[in-house]
Amino acid sequence: MDKTIPVKLDRIYFGGDYNPDQWDEKTINEDMRLFQKAHINLVTLPVFSWAKLEPKEGVYDFGWLDSIMDKLAENGIGVNLATPTVAQPAWMSRKYPEVLDVDIQGRRRTHGMRVHFCYNSPKYLERARAIASEMAKRYAKHPALKLWHVANEYGTYCYCPICRGKFILWLKNRYGSMEKLNERWYTAFWGRTLYDWEEINLPDETNDDFRFNPTVQLDYLRFVTDSTAACFRNEYDAIRQYSDKPIQTNMSGFIKKLDQFVMASNMDIVGWDNYPWPTQEMSFVAMKHDIMRGLRGGQSFLLAEQSPNQQNWQPYNVLKRPGEVRRLSWQAIAHGADSCLYFQMRQSRAGQEKFHGAVISHSGRDDTRVFRETEFLGKELETLSPHVVGKRTKAQAAIVFDWNAWWALENSSGPNRDIDYLDGVHSYYKAFYGRHISVDFVSEDADISGYKLVVLPYTYMFRPGLKEKLDSFVRNGGTLLAGALSGLVDENDHVIGEFPGALRDVLGLRIEETDALRKDCLNGIHMGGREYPCRLVCDIVIPGSAKTLGCFTKEFYAGGPAVTVNEYGAGKAYYIGSVPDSALVSDIVGKIGLSPVIRADNGLEVTLRQDESEQTLFIINHTEAPLRAELPEGFFEPLAGQTVSGSTQIAANDVRVFVRRITA
Ligand code: GLA
Ligand code: ZN
């Protein structure tokens, strides 16, 4: 049952992580002035202060936090109040060593890092719940309180004896009997039959028998997600007893480790940390934002962290170029974020992160490039806030995204070790991005009936119900676009039947064999007079009712079908039997007739958010050259105070935001 609450923020939140426990009063007072100057309206704290807040078991010291909360309130700055449970105090690790997690090699970790706790440890959960309750009781009615932030970037895998016991319980609950477990885990293979629950171990590196069974791996990952979600929920419930403010946790830069649909279903609003690599394609970053927006069915999310300048943990910590943070920030908002939060407000003087960018650098000055850019953006966000918050994206196309499929596909031994799920999804996403067509990411359980097009890139694993849902979607007139390796296995990673398994009927074809290509080799697809490169896998397709649209250009299957389409009921189902170039996907999408947000040059990023009364249009130029967009009638540009329509030049590296009333 969804126990989360609906959220609408009162403005775009601008600010980020602040660690006042590192600063004296004079510095804190100066920070208040600087925050106001930069239009900062929210800070996240005290993320790492458990040791200071609970110096002895059950003895709390909230005095310093009271005074900083009061000061922030006096200065009109809100607080995203963090429970400090990501880094337990040393006394706890010493007194209760079982709170420390055990790594994949079976070694108990020592104290001293962060995220170094076992999410299943009863003692950890008890102490985390206690401090979360204390904080909620104390600050529920504090005028600065806007949001709750639980722990920080969950994402460890623990292999301790407590987790083993919990895993066994989880399996008993899921399978009920050893007989069923043996069947689902397919233990007949290599003679691995288990007779008793006590024979079950965690798939760590001391237990190869478990580690090399893909279904066990999958169940363990599901179990870790469920355990982590319960660990979050432990604090969520404690806070909710006293406070009605939204509760969330910041998810680490889009990780594979935890099924974020499950995590998000426990949070009131999704928050994620965006740290793109300097070389990352902007369409890839846009895709991650869209996935985050999809986690709670299209609701706004929080950009919970990004760096206002360089990082410290990349091999080469390139400075963010002038204007780059502005573009990245607006990009997040354009895709559904209602905040722009940084790590961090003031640069730490020592420790791991002393070289990490911050709004206020070691110099403490307010005339640095980064500070001035922050101030400029803060002003823009303030002006546009009423035109942004709570508005949603409307899309005609949906891409199915699934952590189980991701885990299972990349865990699979064969057909090709270079398969990268996200990269495959991106080949499809980029086609929509390039055509300025909005797209939603949906889970396998989502209602897809309202979309015109549903895309299955690498949807390797089909959970129960998906096949039937897709069949009726296409029968009723929808269009499906499926990529290689989709529909092959059920939720236990068992092959469904002759490939492409669950998609045989709707695609009207069968796959006899699948060739694997080395990373540095390409095949080609010839379609409609053009040739496109394709990668990694090539299917030998035997069409049934499907018609061939494109053929492979190389190998013994040259001339054989690579792209097909099948009329099915009132709809159509396309198949691409390889990992395509986005140009090929784009040409197929072109045939389907989806409307772009507006017409605009290649290289511009264009999105639209709207509610019943207004549309907000975002145009971002990530390139070094001016580009043009075709603006329909009626758009006003609040930042420039002008009405704009027709062919409009968007300067290099610029962001433009336009609004238009919706008239009935
Ligand atoms: C993560 C953490 C932050 C900080 C940043 C640095 O996202 O949540 O505490 O360490 O990385 O980039
Ligand atoms: Zn554990």
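Whatever order the structure lists ligands and atoms in, that order sets their numbers, starting from 1.
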Is Glu305 close to ligand 1, meaning an N/O of one under 3.5 Å from an N/O of the other? yes
Using a heavy-atom cut-off of under 4.0 Å, does the side chain or the backbone of Val47 touch ligand 1, or both, or neither? neither
How many N, O or S atoms of the protein are nearer than 2.8 Å to the Zn ion (ligand 2)? 4
Arg240 NZ/CZ over Tyr236 ring centroid, <6.0 Å and within 45° of normal: yes
Angle between ring planes, Tyr124 versus Trp50, binned at 30° and 60°: parallel, tilted or perpendicular? perpendicular
Give the numbers and elements of all ligand 1 atoms closer than 4.0 Å to a heavy atom of Asp273. 7 (O), 8 (O)
Show your working on ring-ring contact (aromatic ring centres under 6.0 Å, His included) between Phe14 and His39 and close with a plain yes or no. CA-CA 7 Å; Phe14 186 51; His39 308 270; 8.0 Å; no
Taking the ring centre of each residue, are Tyr421 and Phe401 less than 6.0 Å apart? yes
If you draw a 6.0 Å radius around CD in Glu205, do more than 12 non-hydrogen atoms from other residues or ligands fall strictly inside? yes
Tyr157 six-ring centre to Lys257 NZ/CZ under 6.0 Å and within 45° of normal: yes
Here the atoms of ligand 1 under 4.0 Å from any heavy atom belonging to Trp313 are 6 (C), 12 (O)
In terms of atom number and element, which parts of ligand 1 are under 4.0 angstrom from non-hydrogen atoms of Asn152? 2 (C), 8 (O), 9 (O)
So, 4.0 Å and heavy atoms of Gln352: is ligand 1 close enough to count as a contact? no
Is there a polar contact, in the sense of an N or O pair closer than 3.5 Å, between His356 and ligand 1? yes
Tell me if the centroids of the rings in Tyr159 and Tyr220 come within less than 6.0 Å of each other. yes
Note the single closest protein heavy atom to atom 9 (O) of ligand 1, along with its residue, its atom name and the distance in Å. Arg114 NH1, 2.9 Å
Atoms of ligand 1, numbered as shown, that sit under 4.0 Å from any heavy atom of Phe48: 9 (O)
Does the structure place the NZ or CZ of Arg192 under 6.0 Å from the centre of the six-membered ring of Trp185, at an angle of no more than 45° from the ring's axis? no
Classify the ring geometry between Tyr60 and Phe62 as parallel (under 30°), tilted (30 to 60°) or perpendicular (over 60°). parallel
Under a 4.0 Å heavy-atom limit, does Gln306 contact ligand 1 with its side chain, its backbone, both, or neither? neither
Tell me yes or no: between the side chains of Tyr18 and Gln344, is some donor less than 3.5 Å from an acceptor? no
Is the ring pair His335/His289 parallel, tilted or perpendicular, if the boundaries are 30 and 60 degrees? parallel
Write out the residue and atom name of the closest protein heavy atom to atom 10 (O) of ligand 1, then the distance separating them to 0.1 Å. Glu353 OE2, 2.3 Å
